Amino acid sequence: GGNKMKKIITALLAMTTLLCLFSCSKKELDQSASPKNAVNAVLSALGMTDRGLFFFSESDNDIDYLDDDLLSGKYGILLDAPTLDMMEAYAVFYAYDSYGTELGVFRMTTPENAEKMKEYIENRQKELLENAVNYPDIDTKIVSSLVVKTDGKWVYYIMSDNNDIALPEMEKVLYKQ
């Protein structure tokens with residue numbers, strides 16, 4: 001009877017290992033995904049569609065576009081800042097509240113630019129947290145929640161009090177299901 005039990009356990013372990021490999025495999029990013037749709041999906045899930053400023057490149061209206069001054073103000077470090085020519089497409093949202101929800105999706109021109117944008121985003125968080133030290137009443141929980149990821153030419157980030165809802169919503173749009 002002992003050999004039969006060993007074979008069953010071995011078979012179960014093999015099946016478990018295979019299941020883990022298949023379920024843990026990385027989903028493929030949809031290169032034609034819309035940054036605007038990804039950000040909209042998160043805003044809808046969080047109930048925040050009208051509670052901030054929304055900028056996106058998939059528009060015919062100039063008022064919807066980021067400009068270099070805004071990019072520099074949000075993500076720049078002294079004279080070093082991202083520029084629009086590093087990006088193919090983007091969508092960003094900044095809550096009206098200071099230190100509130102913020103998210104963005106950028107399809108950069110190169111993977112190197114995506115890594116550079118990730119650095120700008122991480123530096124933005126660091127700067128916000130350093131500035132908050134001077135204002136003890138500011139709640140930095142949302143800024144502290146930063147999740148930023150890169151995948152090839154793509155970089156996306158979320159700062160919210162519901163990242164557990166926001167991140168899967170964003171990735172549903174960005175990754176082939």
Side-chain angles (χ1 to χ4, degrees), residues 26-46 48-132 140 142-163 166-176:
K26 195 168 183 292
K27 287 187 164 98
E28 188 182 337
L29 196 82
D30 180 357
Q31 294 303 324
S32 65
S34 159
K36 179 184 174 189
N37 291 349
V39 169
N40 269 330
V42 174
L43 294 176
S44 291
L46 298 178
M48 296 196 67
T49 45
D50 57 353
R51 303 209 346 237
L53 301 172
F54 188 24
F55 299 96
F56 51 97
S57 56
E58 303 164 72
S59 175
D60 298 326
N61 190 343
D62 287 355
I63 200 158
D64 295 326
Y65 299 145
L66 282 173
D67 60 31
D68 286 326
D69 288 340
L70 191 56
L71 274 174
S72 176
K74 293 288 185 185
Y75 305 104
I77 309 137
L78 298 174
L79 299 174
D80 184 20
T83 56
L84 289 169
D85 60 7
M86 295 169 64
M87 302 170 191
E88 292 177 353
Y90 62 82
V92 290
F93 173 85
Y94 309 104
Y96 290 130
D97 312 332
S98 297
Y99 290 77
T101 296
E102 185 175 308
L103 48 122
V105 178
F106 302 89
R107 187 175 67 232
M108 308 301 281
T109 54
T110 65
E112 294 76 27
N113 282 341
E115 287 300 324
K116 187 78 175 140
M117 190 66 200
K118 180 181 180 192
E119 284 176 38
Y120 287 126
I121 293 163
E122 289 167 340
N123 283 324
R124 172 167 172 70
Q125 177 202 34
K126 196 172 110 196
E127 193 173 288
L128 285 168
L129 292 173
E130 285 170 1
N131 290 342
T140 59
I142 288 176
V143 174
S144 299
S145 78
L146 174 70
V147 175
V148 59
K149 296 186 175 193
T150 57
D151 189 338
K153 297 194 307 185
W154 292 76
V155 59
Y156 55 100
Y157 78 100
I158 296 174
M159 285 190 254
S160 83
D161 50 9
N162 282 308
N163 284 359
L167 194 60
E169 283 298 321
M170 185 174 280
E171 290 181 339
K172 254 194 262 181
V173 177
L174 295 178
Y175 287 87
K176 294 176 180 165

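Small disclaimer: the values here were computed from a predicted structure and weren't measured.
- Taking the side chain as every heavy atom from C-beta outward, Tyr99 and Ile142 never approach each other to under 4.5 Å.
- Of all the heavy atoms in Pro82 and Met117, the pair that sits closest is CB-SD, 3.7 Å.
- For Val39 against Phe93, the heavy-atom pair with the smallest separation is CG1-CB, 4.1 Å.
- For the atom pair CD (Glu88) and CE (Met108), the distance works out to 9.5 Å, reported to the nearest 0.5 Å.
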Can Asp80 and Lys116 be said to form a side-chain contact (heavy atoms from CB on, under 4.5 Å), step by step? CA-CA 11 Å; Asp80 184 20; Lys116 187 78 175 140; 3.3 Å; yes
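- Remark: Arg124 does not engage Glu127 in a salt bridge, criterion side-chain N to carboxylate O under 4.0 Å.
- Atom-to-atom distance recorded for Lys176:NZ and Gln31:CD is 7.5 Å, nearest 0.5 angstrom.
- With rounding to the nearest 0.5 Å, the separation of CD in Glu28 from CG in Asp151 is 9.0 Å.
- The NZ atom of Lys172 sits 12.0 Å away from atom CG of Leu174, with the distance rounded to the nearest 0.5 Å.
- Atoms OH and CZ, on Tyr120 and Phe106 in that order, are 12.0 Å from each other to the nearest 0.5 Å.
- With hydrogens and angles ignored, the 3.5 Å screen pairs no side-chain donor or acceptor of Glu169 with any backbone N or O of Ala45.
- Checking side-chain atoms of Ser57 against main-chain N and O of Tyr90 turns up a donor-acceptor pair under 3.5 Å.
- A donor-acceptor pair under 3.5 Å links the side-chain atoms of Tyr65 to the main chain of Ser59, judged by distance alone.
- For Ala114 against Trp154, the heavy-atom pair with the smallest separation is CB-O, 3.9 Å.
- Proximity of a side-chain donor or acceptor of Thr140 to a complementary backbone N or O of Val143 within less than 3.5 Å is not detected.
- Scanning all heavy atoms of the two residues, the minimum distance from Gly100 to Ala95 falls at C-CB, 4.0 Å.
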Should Leu43 and Thr101 be marked as a side-chain contact (heavy atoms from CB on, under 4.5 Å) after you check the CA-CA gap, both sets of side-chain angles, and the distance that decides it? CA-CA 10 Å; Leu43 294 176; Thr101 296; 5.5 Å; no
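- By the 4.5 Å heavy-atom criterion applied to side chains, Met87 and Leu71 are counted as neighbours.
- Scanning all heavy atoms of the two residues, the minimum distance from Ala41 to Val173 falls at CB-CG2, 3.8 Å.
- Screening Lys118, Glu171, Lys149 for a side chain to side chain donor-acceptor pair (under 3.5 Å) with Tyr156, the sole residue that qualifies is Glu171.
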Take Val92 and Tyr75 through the test side-chain contact (heavy atoms from CB on, under 4.5 Å) and record every step on the way to the result. CA-CA 12 Å; Val92 290; Tyr75 305 104; 3.8 Å; yes
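- A side-chain N or O of Glu102 and one of Tyr157 form a donor-acceptor pair less than 3.5 Å apart.
- Judged purely by distance below 3.5 Å, without hydrogens or angles, the side chains of Asn163 and Ser160 pair a donor atom with an acceptor atom.
- Rounding to the nearest 0.5 angstrom, the gap separating the CG atom in Leu84 from the CG atom in Asp67 is 7.5 Å.
- Under the 3.5 Å distance criterion, the side-chain polar atoms of Ser72 are left unmatched by any main-chain donor or acceptor of Asp68.
- Taking every heavy atom of both residues into account, Ser34 and Asn37 meet most closely at OG-N, 2.9 Å.
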